[in-house]
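Structure record follows, encoded as structure tokens.
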Amino acid sequence: MHIKVKRGWEMPERLATPEAIFLNRRALLGGSLGMAAASLAGGPALAALPGEGTGAVKTADLYPARQNPAYALDRAVTPERYSADYNNFYEYGTNKTVTPGSNALKVQPWTIKIDGLVEKPFEIGFEDLARKMALEERLYRHRCVEAWSMAVPWTGFPLSALVALAKPTGDAKYIQMQTFMDKAMAPGQRAFFYPWPYTEGLTLAEANNELAFMVTGVYGKPLLNQFGAPLRLAVPWKYGFKSVKSINRITFTAERPKTFWEGLQASEYGFWANVNPAVPHPRWSQASERVLGTDERVPTLIYNGYGAQVADLYKGLEKERLFV
């Protein structure tokens, strides 16, 4: 007898977003792509939607990408009207409504620098990178350290594919990712008390885990500015601040990088930052979370429900502060 073991993130069909609603979005997007084709033939140009970067239409033909059925959810996808208007992006403000400010983010042209302990450092344009990779859509949970959560249809490619492209040397143990640095474009970076640019890091083993995902799109279209256009990270078993936005530099190192929030308050925002309901934040409980869009309070799961895929990464590291 074959017994199927349901993985932590999988959801019953009764909880899924109704297919008609999801496909209707895709049909609308398909019409927009048709307009883009018409513009190439001399028809009206395709305008960027609110929150989209100036270079969004450059890769619009890549969306919607094929959905990978291996990455489903235990809850309905959060409607875009909620998730797109509730974001942490300190480069554009310390409140959650950063969309107006993030419209200043210019993502065309956008170059990603790959350096450090790699065979040969190089730079690559975002469009070239997106077209080089096989994009797919994955439904992921996102758990903020502030005890709220959402469920998001990210589009992108495995971080392991970028690691393979970079060809790190045998001395590389960590991968460091940084956001752009431009005080004129991002007024939040003028705040001298923050250690700009925003920096995050993973071990190379974490980076090669199947769940680590480089995000180029969301809701079946290019990534909106407030989500961290044009390229961000998604590591769904960790608190949201680990998922660095608007990446323009990736460095392979032998030493563990000092991350943005760790540099500010390591006792509250450590390097590992794995989700654990049993380990409270010093100022609030992590035992439950508020689901964005419904305000339902639900129990938080260890590793955000992805323990079967990531728990083995931390064997032998019991003395580390894995859940802060």
Side-chain angles (χ1 to χ4, degrees), residues 8-12 14-19 21-22 24-25 49-52 67 71-103 137-156 200 211 213 215-229 232-246 261 268-269 273-277 280-281 283-306:
W9 66 74
E10 292 184 300
M11 89 166 128
R14 63 182 174 82
L15 295 178
T17 302
E19 183 179 25
I21 295 175
F22 199 69
N24 185 52
R25 278 195 55 81
L49 297 175
E52 287 185 326
Q67 186 179 112
Y71 303 95
L73 287 171
D74 68 337
R75 63 190 64 172
V77 169
T78 302
E80 183 180 353
R81 67 181 180 275
Y82 298 113
S83 61
D85 196 40
Y86 198 84
N87 308 93
N88 285 317
F89 203 169
Y90 275 51
E91 286 80 354
Y92 293 102
T94 57
N95 59 26
K96 295 292 187 290
T97 307
V98 296
T99 301
S102 70
N103 285 331
E137 183 178 80
R138 296 183 179 186
L139 306 185
Y140 272 1
R141 297 180 180 193
H142 177 93
R143 173 56 156 85
C144 182
V145 73
E146 298 165 341
W148 57 266
S149 66
M150 58 183 180
V152 191
W154 299 122
T155 298
E200 261 305 336
L211 293 175
F213 200 54
V215 176
T216 65
V218 65
Y219 294 99
K221 59 191 175 187
L223 199 59
L224 303 179
N225 279 10
Q226 63 267 34
F227 281 112
R232 66 167 288 163
L233 176 66
V235 278
W237 71 97
K238 294 178 177 289
Y239 290 117
F241 66 86
K242 293 292 294 184
S243 294
V244 54
K245 298 179 175 181
S246 301
W261 285 107
E268 298 187 7
Y269 310 102
N274 295 314
V275 176
N276 188 341
H281 185 279
R283 289 179 280 130
W284 57 80
S285 171
Q286 297 288 19
S288 65
E289 62 206 59
R290 178 178 62 87
V291 178
L292 207 60
T294 68
D295 285 337
E296 179 184 5
R297 178 68 59 173
V298 300
T300 291
L301 301 176
I302 183 74
Y303 294 112
N304 203 23
Y306 297 96

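Just so you know, these numbers come straight off a predicted model, no measurement behind them.
- The aromatic rings of Phe227 and Trp154 sit perpendicular to each other, their planes meeting at more than 60°, with 30° as the lower class boundary.
- A perpendicular orientation is assigned to the rings of Trp261 and Tyr90, their planes being inclined by more than 60° (bins at 30° and 60°).
- Taking 4.5 Å as the limit, some side-chain heavy atom of Gln67 sits within range of a side-chain heavy atom of Leu139.
- Taken to the nearest 0.5 Å, the CG atom of Leu292 stands 11.0 Å off from the CZ atom of Arg81.
- Atom NE2 of His142 sits about 10.5 Å away from atom CD of Glu289, to the nearest 0.5 Å.
- Using a 4.5 Å heavy-atom cutoff, the side chains of Val235 and Leu211 are not in contact.
- For the pair Arg290 and Tyr86, the cation-pi test (distance below 6.0 Å, angle within 45°) is passed.
- Between His281 and Trp284, the angle of the ring planes stays under 30°, which puts this pair in the parallel group of the 30/60° scheme.
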Dump the intermediate steps for salt bridge (charged side-chain N to carboxylate O under 4.0 Å, His left out) on Lys238 and Glu200, then the final yes or no.
CA-CA 12 Å; Lys238 294 178 177 289; Glu200 261 305 336; over 6 Å; no
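- With respect to Asn88, the side chain to side chain donor-acceptor pair (under 3.5 Å) criterion is satisfied by exactly one of Gln226, Lys96, Lys245: Lys96.
- Distance check, rounded to the nearest 0.5 Å: CG of Asn304 to CG of Asn276 gives 11.0 Å.
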Test side-chain contact (heavy atoms from CB on, under 4.5 Å) on Thr216 and Leu223; report intermediate values, then the result.
CA-CA 5 Å; Thr216 65; Leu223 199 59; 5.8 Å; no
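- Atom OG1 of residue Thr99 and atom OH of residue Tyr92 lie 12.0 Å apart, to the nearest 0.5 angstrom.
- Inspection of the Ser149 and Arg75 side chains reveals an N or O donor paired with an N or O acceptor under 3.5 Å.
- Separation of atoms OG1 (Thr155) and OH (Tyr219) is listed at 11.5 Å; rounding is to 0.5 Å.
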Mind running side-chain contact (heavy atoms from CB on, under 4.5 Å) on Tyr239 and Val275 for me, showing each step along the way?
CA-CA 6 Å; Tyr239 290 117; Val275 176; 3.8 Å; yes
